[in-house]
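Nothing here was measured: the structure is a model prediction, and the numbers come from that model. A, B, ... follow the sequence lines: proteins, then strands. Residue 1 opens every chain. Because only heavy atoms are used, hydrogens play no part in the values below, and waters and symmetry mates are left out as well, while side chains stay in.
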Amino acid sequence: MNGVPVVPGCVWYPGYFDLAAQQDLLAALRQILRDAPLFQPVMPRTAKPFSVKMSNAGPLGWVSDVAGYRYQPLHPATGKPWPAIPDAALDVWTTISGYPHPPEACLINWYAPGTRMGLHQDRDEQDFDAPVVSISLGETGLFRIGGTSRGGKTLSVKLASGDALVFGGEARLAFHGVDRIIPGTSGLLKDGGRINLTMRRVNRPAA
DNA sequence: TAGTAACA
DNA sequence: CAAT
């Protein structure tokens, strides 16, 4: 794969999926979202809503509500297990994660036009040896990644539809977020916006 | 601190 | 930053 280094531990794969593959993955996601509808996460304690809406696929899903951040096996509204992670996404994990066990969680983030995601760390997992793998669909997202503490320097990458990105190793706990969705950058989603998939290992593998 | 406001 |  033609990976582009972003910061140590973070590699960007522009154009990982061609248009036909993006459409196929999108079709699979639409089916998933019928079974596991988007929900609106809220911040712990303050109950301030995220602008991004979420769902999940895989054995575990990430949720946030007044009680806190956590992974759980059931959809918070339907009470049903999350649907399976699409094969095309699992293939990305196998290809670029360098990790010999499958992901347990695939968070589906829906960025409507104008929404964003503040800088944060992914630290709700038991296993920080596995990287985080991201897939972008739809309009370009201005992704920003920095170091392991809040004040540091950051770098921005424009993640376009079909791009994949991995961050692990010394970037596994890097602060990252999405500053803006750039309008008019993709026709994949009829009304614009962006879908991001992030796959993670949650628990340490048994053996 | 996965949120916003407000300030240069 | 305020509030858990």
Side-chain angles (χ1 to χ4, degrees), chain A residues 6-7 9-10 12 29 32-33 36-77 82 85 89 93 103-128 130-159 163-168 170-182 193-203:
Chain A
V6 178
V7 295
C10 177
W12 173 34
L29 291 172
I32 287 171
L33 293 175
L38 292 166
F39 59 92
Q40 183 171 51
V42 299
M43 291 289 285
R45 299 180 183 91
T46 64
K48 287 186 174 174
F50 292 42
S51 61
V52 170
K53 291 187 172 50
M54 297 180 172
S55 187
N56 290 272
L60 292 171
W62 189 86
V63 300
S64 177
D65 59 23
V66 286
Y69 306 146
R70 65 192 175 278
Y71 284 93
Q72 61 180 47
L74 304 179
H75 189 288
W82 306 102
I85 301 174
W93 176 274
E104 294 168 291
C106 177
L107 177 60
I108 302 166
N109 283 331
W110 161 240
Y111 292 82
T115 61
R116 39 192 296 267
M117 175 81 76
L119 286 178
H120 66 278
Q121 294 173 297
D122 290 15
R123 51 181 308 167
D124 303 311
E125 302 77 26
Q126 297 298 318
D127 188 356
F128 293 143
V132 177
V133 169
S134 155
I135 299 169
S136 297
L137 292 174
E139 290 178 329
T140 296
L142 186 57
F143 176 78
R144 187 149 58 99
I145 185 166
T148 178
S149 64
R150 263 191 190 276
K153 295 174 185 171
T154 61
L155 263 174
S156 289
V157 178
K158 286 179 177 174
L159 295 180
D163 291 0
L165 182 92
V166 58
F167 54 97
E170 65 181 276
R172 176 60 180 78
L173 292 173
F175 277 87
H176 59 100
V178 173
D179 288 334
R180 148 168 129 92
I181 304 301
I182 304 174
R194 171 175 185 260
I195 295 172
N196 183 67
L197 306 181
T198 49
M199 287 177 284
R200 302 182 187 87
R201 185 77 205 182
V202 178
N203 298 298

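- A:Met43 places its CE atom 16 Å from the P atom of C:dC1, with the value rounded to the nearest Å.
- For the segment residues 115-123 of chain A, the set of residues with a heavy atom within less than 4.0 Å of an atom of DNA chain B comprises A:Arg116, A:Met117, A:Gly118, A:Leu119, A:His120, A:Asp122, in numerical order.
- With rounding to the nearest 0.5 Å, the separation of CG in A:Leu173 from CZ in A:Phe128 is 5.0 Å.
- Smallest separation of non-hydrogen atoms from A:Gln40 and A:Phe50: NE2-O, 3.3 Å.
- B:dG3 atom C1' lies 15 Å from atom CG of A:Asn109, rounded to whole Å.
- Using the six-membered ring where Trp is involved, A:His176 and A:His120 have ring planes that are tilted, between 30° and 60° apart.
- Contact annotation for A:Arg70: no contact, since no heavy-atom pair falls under 4.0 Å across all strands.
- When each of C:dT4, B:dG3, B:dT1 is scored by its nearest atom to the side-chain atoms of A:Arg45, the top-ranked nucleotide is C:dT4.
- Partners of A:Glu125 by salt bridge (Lys or Arg N to Asp or Glu O under 4.0 Å), not counting sequence neighbours, listed by chain and number: A:Arg172, A:Arg200.
- The backbone N or O of A:Val202 lies less than 3.5 Å from no partner atom in the side chain of A:Gln126, so there is not a single donor-acceptor pair.
- Checking each of A:Asp124, A:Asn56, A:Asp122 against A:Trp62 for a side-chain hydrogen bond (donor to acceptor under 3.5 Å, both in side chains) leaves exactly one that passes, namely A:Asp124.
- Looking only at distances, a side-chain donor or acceptor of A:Arg201 sits under 3.5 Å from a matching main-chain atom of A:Asn203.
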Using a 3.5 Å limit on both pairing distances, list the dot-bracket string of DNA chain C from the 5' end; Watson-Crick and G-U wobble pairs count, crossing pairs take [ ], interstrand pairs take |.
|...
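- A distance-only check finds no donor-acceptor pair linking the side chain of A:Thr140 to the backbone of A:Ile182 [under 3.5 Å].
- Whole-Å rounding puts the A:Met54 CE to B:dG3 P distance at 8 Å.
- When rounded to the nearest whole Å, the span between CG of A:Asp65 and C1' of B:dG3 equals 15 Å.
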